Number of protein chains: 2
Amino acid sequence: MNWRDVPSLSALRAFDAAARAGSFSQAARELNVTHAAIAQHVRSVESDLGASLLVRQGRGVVLTDAGARLADALSDGFGQIIAGVKSVRADVDARPLSITATHNFAESWLMPRIGKFWAKYPEIALSIVPSNKLVDLRKDGFDVGIRYGDGNWPGLETTHLLAADYTVVAAPGIVKTDQIAQSGATWFFEDAHQESQRWVREAGLIGPSQKSVTVSTLGMALSAVRAGGGITIAASALVSDDIKDGRLVALSQTQPERIGYYIIHPPGVLSDRVKTFKKWLLKAL
Amino acid sequence: MNWRDVPSLSALRAFDAAARAGSFSQAARELNVTHAAIAQHVRSVESDLGASLLVRQGRGVVLTDAGARLADALSDGFGQIIAGVKSVRADVDARPLSITATHNFAESWLMPRIGKFWAKYPEIALSIVPSNKLVDLRKDGFDVGIRYGDGNWPGLETTHLLAADYTVVAAPGIVKTDQIAQSGATWFFEDAHQESQRWVREAGLIGPSQKSVTVSTLGMALSAVRAGGGITIAASALVSDDIKDGRLVALSQTQPERIGYYIIHPPGVLSDRVKTFKKWLLKAL
DNA sequence: TCATTATGTTAGTTGAGCTTTCATATGAAC
DNA sequence: GTTCATATGAAAGCTCAACTAACATAATGA
């Protein structure tokens with residue numbers, strides 16, 4: 001497309017508005033600018049094209065022949081553009097809000113609560129995809145994500161959701177709080193969480209005779225531990241429900257750290273749906 | 001037209017270019033910007049609409065479904081706009097260059113020379129409209145004008161063409177140079193030129209017994225004077241041909257003043273035809 | 001004739017649009 | 001597998017297009 005000989009699109013839009021309104025002042029109100037801006041734009045298009053397009057008549061302006069022909073083309077052209085944008089927005093609004101969350105967070109925190117979200121906002125369909133990768137939200141079509149880390153991800157806006165302290169838990173009666181390393185109870189560790197394992201060893205909470213089993217998900221570890229099979233360590237927020245309901249007891253706890261769970265989304269203006277979901281997340285803590 | 005939810009037109013054009021090129025770098029070359037500008041615009045449209053439109057694939061980008069739909073609409077819309085602009089330009093180029101000049105200038109200076117202009121530029125049709133008014137060039141559809149005055153006309157670009165000194169002339173043998181006031185020859189004055197009449201009186205060039213006749217145009221005055229009917233005063237440039245050809249003799253002359261003949265046109269870039277005409281005027285002195 | 005509302009015009013302000021710079025990714029050639 | 005060329009990604013900084021503010025002039029209605 002040859003844009004070389006085309007006046008400024010802003011100027012053409014100003015002319016289009018003035019042409020349809022028959023008035024610089026009315027066009028200005030429609031485009032939320034001053035009449036001076038419209039006047040300058042229109043005259044610059046005229047100067048550029050070497051033709052008079054709108055001339056003063058009484059308290060308004062009327063189109064010349066050249067102006068009428070240009071106005072027709074612009075009306076069609078801008079109409080198509082606006083319709084195309086509107087259509088894309090409608091499609092975006094029609095599909096479910098696409099959310100990605102880490103496996104642990106999705107299973108232990110989000111899914112138990114999602115019923116409450118739907119109760120409150122039945123009109124917002126969600127699509128929740130568990131993933132531990134820091135995916136490219138835009139490329140992979142996500143509106144919003146929840147991720148675990150230090151919150152420093154270039155090109156993303158991050159909002160702190162949960163602090164990342166850990167709690168050591170077991171079923172009631174399995175081990176006394178001050179005898180974790182001497183208890184002989186089996187440790188269950190999630191495969192990916194090397195850091196929490198290191199912490200357990202450095203805190204002296206694992207004895208030489210204690211067996212440890214590595215599993216692939218926190219959910220598996222929690223299933224075993226709820227059944228009285230031993231001890232595990234998890235982010236405090238992910239086991240707060242189990243503790244509150246008496247299924248597990250807290251044996252030890254780390255200090256809150258810099259890393260934690262964050263809400264992430266691309267920079268820029270958020271759609272209403274994303275805003276709603278984000279606000280709900282922050283309130284549902 | 002509701003522009004409220006429409007991304008920046010510059011950004012949409014950048015997206016359109018990238019969509020059709022399949023490459024930010026190629027789109028940048030086509031729009032004469034850097035690839036960074038294209039990338040920023042595209043991502044801002046995506047952020048605004050809440051949808052991925054172009055994703056990286058190998059060394060280029062490909063359209064998503066949403067992107068393809070938007071690209072179709074933009075292609076149509078921008079295509080219409082460009083076609084409309086092109087059509088108006090073509091019409092403007094097809095019609096004659098519209099020139100307004102003062103009556104005197106048109107008759108005494110321009111028309112005698114216009115043949116040379118057409119000889120040199122046969123492809124440029126001209127429409128010459130004599131008028132002494134400082135018309136609204138744009139409103140009245142003129143490309144360029146020639147006017148007499150001090151050159152200080154707000155909103156117009158002015159280029160000095162001719163200085164406004166005056167020459168007193170008569171046919172050869174009608175009057176001796178040092179005996180204008182004593183000659184008894186009839187003075188012919190153009191109606192509008194009060195200033196030159198005042199100069200004649202103040203210079204003592206009109207005697208108490210001399211008749212003076214006021215006519216409506218310089219052309220009428222010159223006709224009478226060429227026929228030996230008396231004396232007149234005119235802008236030097238307008239009678240330089242008559243003097244050179246021996247039809248008239250110069251009897252007296254004013255000093256050049258601030259006022260004079262100017263080429264006027266609206267501000268902004270001039271079309272090639274206007275540039276050509278203007279340049280020719282300045283050379284044809 | 002006066003008040004209201006329009007366009008015309010110019011000087012000044014500012015943020016959208018861009019460039020610059022550097023980083024990272026991809027693919028071709030060797 | 002390495003190197004080089006060419007792509008996109010991202011952030012900081014620059015600048016002038018687009019605008020506002022202010023005042024002038026024109027047109028219309030009361």
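Order of the sequence lines sets the chain letters (A, B, ...), proteins ahead of strands, with each chain counted from 1. Source: prediction; values computed, not measured.
Here the P atom of nucleotide dG17(C) and the CH2 atom of W3(A) are 14 Å apart, to the nearest Å. If you take CD1 of I38(B) and P of dA7(D), they are 13 Å apart, rounded to a whole angstrom. Distance, H35(A) NE2 to dT4(C) C1': 14 Å, rounded to whole Å. If you take CG of L156(B) and C1' of dT9(C), they are 12 Å apart, rounded to a whole angstrom. Rounded to whole angstrom, the span from the CD atom of E157(B) across to the P atom of dT10(C) amounts to 11 Å. Between Q26(A) atom CD and dA6(C) atom C1' the separation is 12 Å, expressed in whole Å.
Closest approach of A51(A) and A66(A) over heavy atoms only: CB-CB, 4.3 Å.
At a cut-off of 3.5 angstrom, the base of dG17(C) holds no donor-acceptor pair with the side chain of H41(B). For Q40(A) and dT7(C), a side-chain-to-base donor-acceptor distance below 3.5 Å is absent, hydrogens and geometry of angles not being considered.
Distance check, rounded to the nearest 0.5 Å: CG of D72(A) to CG of D76(A) gives 7.0 Å. Going from atom CZ of F142(A) over to atom OG of S131(A) covers 6.5 Å, rounded to the nearest 0.5 Å. Taking CH2 of W3(B) as the start and CD1 of I82(A) as the end, the distance is 4.0 Å to the nearest 0.5 Å. Here I263(A) contributes atom CD1 and E157(A) contributes atom CD; the two are 11.5 Å apart, rounded to the nearest 0.5 Å.
Considering R273(B), R95(B), H265(B) in turn, R95(B) is the only one that fulfils the side chain to side chain donor-acceptor pair (under 3.5 Å) rule with D143(B).
Ion pairing of D48(B) with R43(B) is absent here, as no side-chain N (NZ or NE/NH1/NH2) approaches a carboxylate O to less than 4.0 Å.
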Polar-atom pairs under 3.5 Å, protein N or O versus N or O of nucleotides 28-30 of chain D: list them with distances, or write none.
from	atom 1	to	atom 2	distance (Å)
dT28(D)	O4'	R59(A)	NE	3.4
dT28(D)	O2	R59(A)	NH2	3.0

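For the OP1/OP2 pair of dA18(D) and a distance below 4.0 Å, the side-chain nitrogens and oxygens of S10(A) include at least one atom meeting the criterion. At the phosphate of dG17(C), OP1 or OP2 sits under 4.0 Å from a side-chain N or O atom of S8(B). For dT19(C), the OP1/OP2 oxygens have a side-chain nitrogen or oxygen of T34(B) closer than 4.0 Å. In this model, the phosphate group of dT7(C) is approached by a side-chain N or O of S23(A) to a distance below 4.0 Å at OP1 or OP2. For R43(B), a side-chain nitrogen or oxygen approaches OP1 or OP2 of dG9(D) to under 4.0 Å.
Here dT25(D) is the nucleotide among dT9(C), dT25(D), dT8(D) with the atom lying nearest to any side-chain atom of R56(A). Between dA22(D), dA26(D), dC19(D), one nucleotide has an atom nearer to the side chain of V33(A) than all others, and that is dC19(D). Here the nucleotide nearest the side chain of S25(A), chosen from dA6(C), dT9(C), dT19(C), is dA6(C). The A36(B) side chain lies nearest to dA11(D) when the options are dA11(D), dT8(D), dA18(D).
Residues from residues 11-21 of chain B with heavy atoms under 4.0 angstrom of DNA chain C: there are none.
Within 6.0 Å of CG in D65(A) there are 12 or fewer heavy atoms belonging to other residues, nucleotides or ligands.
Residues satisfying the ring-ring contact (aromatic ring centres under 6.0 Å, His included) criterion with F105(B), sequence neighbours excluded, are W109(B), Y261(B).
At a cut-off of 3.5 Å, with distance as the only test, no side-chain donor of T158(A) or R147(A) sits close to an acceptor on the other residue.
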